Protein chains: 2
Amino acid sequence: MELDETDRTILRILQSDARTPFSEIAREIDMSSATVHDRVGRMEDAGVIEGYHAKIDPRAVGLGTSALVGLRIEQGRETDALERLREIDGVQEIHLTTGEWDVVLRLYAEDTDGLRELMFDEISRIEGFSRSQTMVILATDLEAPALPI
Amino acid sequence: MELDETDRTILRILQSDARTPFSEIAREIDMSSATVHDRVGRMEDAGVIEGYHAKIDPRAVGLGTSALVGLRIEQGRETDALERLREIDGVQEIHLTTGEWDVVLRLYAEDTDGLRELMFDEISRIEGFSRSQTMVILATDLEAPALPI
DNA sequence: GTTGAAAAAATATTGAG
DNA sequence: CTCAATATTTTTTCAAC
């Protein structure tokens, strides 16, 4: 789908606040709210807008500990291993990467003990990983909720 | 702030769809929409809900390439280096970690050339980094927009 | 594609238990 | 904290350009 500058402005606004009324967006882009409604609908249909999500403070829900985990997967076991990773509660992201690791995970847990449980009782039990490295996130300095559109 | 099971259910719903009408949430938790309104407002005020954001497909806006970058920072240069990193367009996340790297970044760029520009023209120019490793994300298998509440 | 206006639906507010 | 009722806003639809 082709996006013009108006579409991109709408995306910027909805990225920073998904609950901005269409009427307010309409004022900012100097068009009617019916147009905003139309354009947003088309971007939703086209998959440009994938969804609207509340951002929750992880600590507030008892998930104060996070980590990045690099994994090496033995050849031929990729599909199975990934499928099992996907099913684990606390595995928030799975990225396939170039470089030292084949896969990098982002984990969330209650505390370091929860992290240990995730690593030893869940992830380590999956066959196919030859090596791993855990990087505990001490602090997140920036986690921009919006892409630089 | 103390969250009861009702609050957590509301959070789960708003995480998966931030635009769910309060009336529908009310039906699901079997309370009035005024109560939902009240609880959501209190969770917003308390910072439990940090915001509502549209999730945009990065490829649709020309940001089809992403990478993780590990960095080592020379002692004493942490504050300055982080501040400059924060200002760079395309640096989406900055995590301070234990282990091999002091800092791990998540970058977004148009393509591999944009990634090179980010790395060589922006990040490498910042003083204080002694070593770095770039892991290009070939694919993202999972990127859950919701925490396991 | 866009618009204004009407209809439908949702949210914000109020007052009371 | 919760609710019902009311007031206000927003979303949605639609005929017309």
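FYI, side chains are in, hydrogens and waters are out, and symmetry mates aren't considered; it's all heavy atoms of this structure. In the text below, chain A, chain B and the rest are named by the order of the sequence lines, each starting its count at 1. Bear in mind that the values here come from a model prediction, so they are computed numbers and not experimental data.
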| With distance as the sole test, does A/T140 use its side chain to make a donor-acceptor pair with the main-chain N or O of A/E143 at under 3.5 Å? | no
| Under the 3.5 angstrom rule, does the side chain of B/E78 hit a backbone N or O of B/G76 as a donor-acceptor pair? | yes
| remark: Heavy-atom closest pair (B/S132 atom, B/L71 atom, distance to 0.1 Å) is CB-CD2, 3.4 Å
| remark: Shortest non-hydrogen pair, B/R19 vs A/F22, comes out as NH2-CE2, 3.3 Å
| note | DNA chain D: first to last nucleotide in contact with chain A (atom under 4.0 angstrom from a heavy atom), 5' to 3', is D/dT10 to D/dT13
| note | From CD of A/E2 across to P of C/dG1 the rounded distance in Å is 10 Å
| remark: By nearest-nucleotide position on DNA chain D, the 5'-leaning member of A/E24 and B/D4 is B/D4
| request: Have a look at A/S23 and say if it touches a base, only the backbone sugar-phosphate, or nothing, with a 4.0 Å heavy-atom cut-off. | output: sugar-phosphate
| said: For the CG atom on A/D30, are there more than 12 heavy atoms of other groups (residues, nucleotides or ligands in this structure) within a distance under 6.0 Å? | reply: no
| said: Heavy-atom count check: over 12 atoms from other residues, nucleotides or ligands less than 6.0 Å from A/R59 CZ? | reply: no
| query | Does the side-chain contact (heavy atoms from CB on, under 4.5 Å) test come out yes or no for B/E100 and A/M135, once each step is laid out? | reply | CA-CA 8 Å; B/E100 190 177 355; A/M135 293 158 275; 5.6 Å; no
| task | Go through the structure and list residues passing salt bridge (Lys or Arg N to Asp or Glu O under 4.0 Å) with A/E93, not counting sequence neighbours. | result | B/R106
| request: Indicate for each nucleotide in nucleotides 12-17 of chain C, in 5' to 3' sequence, whether protein heavy atoms under 4.0 Å reach the base (B), only the sugar-phosphate (S), or nothing (-). | output: SB----
